[in-house]
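Single-structure report; data block below.
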Amino acid sequence: MDKTTMLGLYRDMWMIRAFEQGLEREFEQGNVPGMLHTGLGQEATQAALADQLLATDCFFPDHRCHGINALAQQRHSGDGERIMAELFGKATGVCSGKGGSLHSADPAVGNFGDNAVEGSYMATVLGVALASKLRGEPNVACAIIGDGTVGRGEFHESLNMAAIWQLPVLYACVNNGYAISMPVGQGHASADIVDLARGYGFPCEQVDGNDIVECHEKIGVAIAHIRAGHGPYFVELKTWRWQGIFAGEFRPDAEVKYWREDHDPILMTVDRLIGLGCTSAELDAIEQEARGVIDEWITFAKESPAPDLAKATANVYVNWEVTGA
Amino acid sequence: MDKTTMLGLYRDMWMIRAFEQGLEREFEQGNVPGMLHTGLGQEATQAALADQLLATDCFFPDHRCHGINALAQQRHSGDGERIMAELFGKATGVCSGKGGSLHSADPAVGNFGDNAVEGSYMATVLGVALASKLRGEPNVACAIIGDGTVGRGEFHESLNMAAIWQLPVLYACVNNGYAISMPVGQGHASADIVDLARGYGFPCEQVDGNDIVECHEKIGVAIAHIRAGHGPYFVELKTWRWQGIFAGEFRPDAEVKYWREDHDPILMTVDRLIGLGCTSAELDAIEQEARGVIDEWITFAKESPAPDLAKATANVYVNWEVTGA
Amino acid sequence: MTETEKKVRKTSFTKALNDALDLGMDRFPEMFLIGEDIGEMGGDFGVTKKLWAKYGGERVRDTPLSEAAIIGTCVGAAMVGMRPVAEIMFADFLGECYDQIVNNAAKVHYMFDGQFTAPLVIRTACGGGFGGGPHHSQSVEGWFMNVPGIVIVAPSNPTDAKGLLLASIESEDPVLFLEHKALYRVRAEVPDGYYTTPLGQAAVAREGSDVTVVATMRMVPMALAAAEQAAADGISVEVVDLRTIRPYDAETMLGSVSRTGRAVVANEAPRIGGLGAELSARIHEECFSDLLGPVVRVDGLDAPIPFSVPLEHVILPDETDISAAIRTAMEKS
Amino acid sequence: MTETEKKVRKTSFTKALNDALDLGMDRFPEMFLIGEDIGEMGGDFGVTKKLWAKYGGERVRDTPLSEAAIIGTCVGAAMVGMRPVAEIMFADFLGECYDQIVNNAAKVHYMFDGQFTAPLVIRTACGGGFGGGPHHSQSVEGWFMNVPGIVIVAPSNPTDAKGLLLASIESEDPVLFLEHKALYRVRAEVPDGYYTTPLGQAAVAREGSDVTVVATMRMVPMALAAAEQAAADGISVEVVDLRTIRPYDAETMLGSVSRTGRAVVANEAPRIGGLGAELSARIHEECFSDLLGPVVRVDGLDAPIPFSVPLEHVILPDETDISAAIRTAMEKS
Ligand SMILES: Cc1ncc(C[n+]2csc(CCOP(=O)(O)OP(=O)(O)O)c2C)c(N)n1
Ligand SMILES: Cc1ncc(C[n+]2csc(CCOP(=O)(O)OP(=O)(O)O)c2C)c(N)n1
Ligand SMILES: [Mg+2]
Ligand SMILES: [Mg+2]
């Protein structure tokens with residue numbers, strides 16, 4: 001990977017980390033309603049995807065995907081702050097605050113929104129992909145799913161249907177080792193999710209999800225395969241999440257150390273970039289710039305107005321108005 | 001396989017064929033309400049299972065399983081005619097006529113009843129198996145599923161859960177090549193269902209479902225494995241169904257000829273039995289005896305009274321009565 | 001009807017639906033059909049007959065037994081502007097894709113604040129009366145009545161069936177389109193060509209002045225027969241065919257009851273928590289002072305539907321029950 | 001309460017449920033718990049805390065995200081005499097196992113004519129008010145109201161929560177046990193030890209003579225607060241806590257309304273086709289001549305539940321809405 005690309009991805013990873021850390025802080029201060037799941041520790045997976053999916057592609061983000069949502073929004077629409085505002089439930093959010101963390105979408109940037117019933121969009125993605133196929137458009141439809149989400153029956157229905165119809169679907173399975181408190185090897189017949197996917201007969205690849213170079217390259221191969229009309233592709237991205245809520249308590253110290261210190265996606269990239277001749281100062285500046293942007297987004301979100309109350313009953317139906325009680 | 005065992009299975013296959021042919025005739029005459037699916041052509045799969053499942057085991061029959069239902073009823077309770085009566089909707093049926101063809105059960109003989117939402121009992125079977133496991137009982141819980149039924153998401157949820165908990169489940173997948181009109185290779189990523197099952201890490205075996213010797217032996221191995229506490233087992237039984245309703249029209253002549261003439265489970269067994277020294281007369285007598293028994297069952301079913309109308313509102317709840325409108 | 005008068009011809013409910021699908025496929029390049037055995041076979045009830053041959057397997061798409069994936073596919077395709085029409089073979093199987101309908105189809109427009117629509121139609125065969133047993137006979141409108149965002153359409157005759165199906169295909173909102181199995185063979189005069197029957201509008205199937213019977217699907221012909229009977233006894237019955245169950249046409253229903261002062265609501269599903277509950281509540285609440293007596297509900301008993309035909313008759317309501325309800329409504333007032 | 005008076009102590013709703021599970025596990029060797037993260041973690045809301053340590057992983061069973069398999073496992077185990085208690089983390093996910101509940105749990109006893117029972121309990125967290133958004137806030141009783149064979153239990157306070165959960169565990173019928181998230185932290189005097197609160201029986205939470213408010217779950221404390229307010233205005237409000245939603249206690253409800261002559265039914269779900277429809281219909285039908293005015297429904301607006309907190313407040317009903325409904329009921333009569 002060339003230095004420019006890597007620096008771009010490095011910046012993107014910092015955008016994600018700063019976004020999530022800022023959000024976490026605001027959440028703890030009671031400024032963000034609802035629940036919070038963050039993508040901390042998984043920045044490479046999201047940065048690699050965001051860099052290669054086009055605005056005309058489609059991705060279904062999961063509950064840890066604020067980062068990819070923000071990157072897509074920033075890149076394709078220039079208003080990443082609207083993802084932040086959505087999480088604050090504000091009028092300026094991409095869904096006017098009606099969706100929140102678990103339902104932020106903007107089709108103009110390819111973001112088709114999370115479905116907080118984990119895994120249900122493994123079925124939805126088929127439809128987007130089928131539409132591309134029927135229209136002869138070279139778009140990729142990507143479902144980003146966690147290891148735990150693989151437990152859902154839709155996993156099978158989706159992979160099977162994508163296979164028989166050779167649909168342009170990219171399954172990006174973010175295996176971070178746990179579903180809340182359930183270790184992947186206890187919840188599934190195999191800790192390697194690819195083992196469950198191989199039977200469907202399309203390419204399956206396991207990737208170090210914290211190695212931005214490997215992530216980027218392997219996802220690139222998958223996307224090229226799909227875009228060329230060769231059907232679905234499954235990529236398992238092995239990573240680990242920092243967020244300790246619930247699961248934190250159950251993870252062994254050595255595991256925590258390995259992932260947070262020895263195998264952190266950003267630190268690993270720092271090493272690589274230094275090797276390519278970057279200076280610490282240069283890299284620090286990138287981090288600081290990202291943090292600065294995110295702080296602005298947070299300010300924007302906080303200062304944005306709450307949605308007009310009329311929004312509450314808007315868009316239930318297209319053809320009917322819903323009125324007050 | 002010794003001659004006595006084979007003769008027993010030969011008789012059982014005739015019981016199934018006679019049952020289904022008799023039923024088909026009665027259905028055409030308008031004596032059997034509802035819908036009809038028969039197990040004609042699949043006799044070996046059912047006879048092999050019925051011969052080896054105990055009354056203390058459990059099986060979930062599918063919509064083509066009148067045969068195994070009747071054999072289990074006959075063997076363990078001595079009243080196979082109650083399966084026939086159930087299909088006629090009569091008071092003497094195993095479910096007093098409330099279940100019919102798609103919901104005939106009698107737990108005393110291990111028959112846990114079909115669920116006409118195809119495949120839903122792939123989940124139910126887990127519970128029966130778990131109960132055996134928790135109680136330390138060496139029982140096998142068997143789900144008999146068609147190839148089409150494999151399309152359901154529960155397929156994945158069930159195999160995965162059986163695997164992680166090492167449950168005593170026998171998956172008997174009757175691959176008869178079609179789901180109504182959908183050829184197995186078009187509806188699934190692989191025409192060999194075992195390919196979809198292997199990822200779960202327990203033994204999977206593909207069997208000629210029309211070869212009674214192979215069926216019996218391989219199912220025996222599976223049952224022994226499960227009963228010994230070694231966890232789940234998947235057996236794919238390759239067979240073919242005679243019934244032409246809907247699908248018949250779409251099947252190529254050569255295929256029909258192969259399965260009905262060259263590879264009929266009963267004719268194949270005749271050849272084997274002749275080889276073991278049986279006479280045609282002896283074998284004819286077995287057929288005639290089976291037909292005679294089935295005729296009696298049909299008479300019994302026809303002459304049985306309709307259920308008491310009070311049955312209509314009985315057993316909705318255990319703790320509450322449901323009364324008339 | 002939105003277009004000028006058409007030639008009519010005697011057509012079955014099934015054929016009327018088939019015509020609607022054909023006309024829709026012809027008019028909307030974004031439309032496709034998806035479901036089990038809908039292709040060469042033409043569907044379990046023959047509703048998609050010949051469409052595979054005419055439009056090909058890409059647009060008339062056979063699927064495996066994957067109900068959740070079928071509806072998920074429809075939602076995804078609809079989100080990008082396609083017009084999928086799914087067939088779920090029996091309404092009883094909607095449990096398999098309940099999440100997809102309730103949490104996905106019904107909510108994408110709302111939760112993303114209008115950025116997506118879900119113009120899909122889910123056609124499904126419902127209702128009892130043919131010995132189908134507990135998993136092939138249910139009336140499922142009650143499962144979806146409390147779900148904002150979904151439209152439920154329930155025709156009672158071939159003419160409406162065609163017009164309502166075309167209106168459903170045109171609809172930008174997701175439609176659950178209920179086809180009562182006992183109606184498939186019913187024949188009536190159906191106009192040729194393309195026309196729509198508006199969603200959300202009830203029809204007065206018979207005018208009358210003493211009592212209003214609000215009915216859906218198979219209960220409509222039964223109500224008409226009961227009305228005919230009642231006329232012989234000097235009771236004038238108005239029959240309102242709801243046609244769209246959600247959102248329903250309160251205006252027509254309430255207007256009728258205000259005039260007649262008496263109401264019967266007839267529905268095949270079990271009474272408790274069913275469509276009849278909503279209609280009865282609404283009528284009472286809004287016509288309270290006009291009502292001469294309480295609304296009478298006609299519905300199934302509170303039980304699953306048994307296989308045995310005589311038992312099934314105990315559970316399901318029929319013409320006799322409607323007649324009795326009409327008498328009760330007259331007596332109680 | 002079925003046993004002699006117990007010592008009481010201030011206990012949260014969550015802890016009351018936890019105690020009930022503990023007592024049940026202790027008393028019934030056939031009982032086991034199953035669900036996502038209910039083991040070492042103690043459940044998303046802490047209801048199963050410490051039970052994994054006490055009873056072990058065989059009886060307190062963590063599962064993957066396989067809601068259909070969870071409920072299927074319960075049905076199968078219950079069919080052979082076990083007493084499974086499942087936790088479905090959020091009620092919104094019941095769509096994943098809707099078929100298992102509706103076509104399997106609710107029907108095995110009936111369709112096999114009594115040869116099986118399904119003594120299982122499905123505990124689930126429902127309700128809104130905390131910014132959970134469209135997929136973590138729903139009130140789902142309407143999804144199951146039209147399903148014969150299922151029991152729906154909906155406690156409003158810690159004392160009932162414990163007794164009703166133990167009664168549900170004892171029940172031979174399958175129970176959907178709804179736990180409103182806003183009630184988890186509510187504390188009240190809860191008796192020590194094992195006791196059951198009978199299913200199918202409502203409670204008069206407050207006596208009154210002018211108007212009856214029939215409420216469930218979080219609407220009960222709100223109704224009580226509204227009643228207190230109304231008392232200041234000289235209106236005497238009787239509050240009936242339904243406790244079991246299906247089959248519900250018509251006798252207590254109708255008895256109260258016959259006396260007061262006015263009724264409000266309060267429920268958090270969207271109005272159309274919800275629990276309130278059934279209750280309103282039933283009251284009107286059976287208390288027609290006693291009613292001084294129409295029943296007033298209080299419920300959510302006909303929309304999904306948005307994430308943004310001020311918008312969520314627009315959708316969900318509250319104490320103010322109940323107060324307004326009480327006034328309407330008084331005025332309209
Ligand atoms: C159908 C469904 N079941 C349960 C949940 C609750 N839940 C939310 S996140 C989660 C864990 C998901 O694990 P995984 O897919 O590995 O994602 P991770 O949080 O580890 O990134 C669960 C159980 C849900 N949202 N949807
Ligand atoms: C969930 C569900 N979907 C669809 C059906 C309708 N249906 C009944 S049998 C059948 C085909 C099943 O195919 P297979 O499992 O191969 O069994 P076969 O009839 O070939 O023995 C279908 C689609 C059903 N009963 N349940
Ligand atoms: Mg995970
Ligand atoms: Mg088959």
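Chain letters run A, B, ... following the sequence lines, proteins first and then strands; every chain starts at 1.
The greatest number of non-hydrogen atom pairs below 4.5 Å with chain D, out of C:Ile272, C:Val296, C:Leu291, C:Val147, is found for C:Ile272. Of all the listed residues (D:Gly142, D:Gly95, D:Pro304), the one sharing the greatest number of non-hydrogen pairs under 4.5 Å with chain C is D:Pro304. The candidate with the highest count of non-hydrogen atom pairs below 4.5 Å against chain C, out of D:Gly149, D:Ser280, D:Ser139, is D:Ser280. Per-residue heavy-atom pair counts under 4.5 Å with chain C were compared for D:Gly300, D:Pro270, D:Pro134, and the maximum is reached by D:Pro270.
In this structure, D:Arg282 and C:Arg271 have side chains that are not in contact, with every pair of non-hydrogen atoms separated by 4.5 Å or more. Counting only heavy atoms from C-beta outward, the side chains of D:Gln138 and C:Lys107 approach each other to under 4.5 Å. Side-chain contact check for C:Met111 versus D:Pro306: every heavy-atom pair is 4.5 Å or farther apart. The shortest distance between side-chain heavy atoms of C:Phe288 and D:Lys332 does not fall below 4.5 Å.
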Stepwise side chain to side chain contact (heavy atoms under 4.5 Å, CB included) check, C:His284 with D:Glu285 | CA-CA 9 Å; C:His284 281 113; D:Glu285 286 158 14; 3.8 Å; yes

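Nearest heavy atom pair, residue C:Asn103 against residue D:Asp92, reads ND2-O, 3.0 Å.
Salt-bridge formation is detected for the pair D:Glu278/C:Arg297: a Lys NZ or Arg NE/NH1/NH2 atom is positioned less than 4.0 Å from an Asp or Glu carboxylate oxygen.
In this structure, no portion of D:Glu286 lies under 4.5 Å from any heavy atom of chain C. Proximity to chain C is limited to the side chain of D:Arg246, based on heavy atoms less than 4.5 angstrom apart. Using a 4.5 Å cut-off between heavy atoms, C:His135 touches chain D through its side chain atoms alone. Only the side chain of C:Tyr248 has a heavy atom closer than 4.5 Å to any heavy atom of chain D.
D:Tyr98 and C:Trp143 have perpendicular rings, their planes meeting at more than 60° on a 0 to 90° scale where under 30° would count as parallel.
A donor and an acceptor atom, one from each side chain of D:Glu141 and C:Asn146, are nowhere located under 3.5 Å apart.
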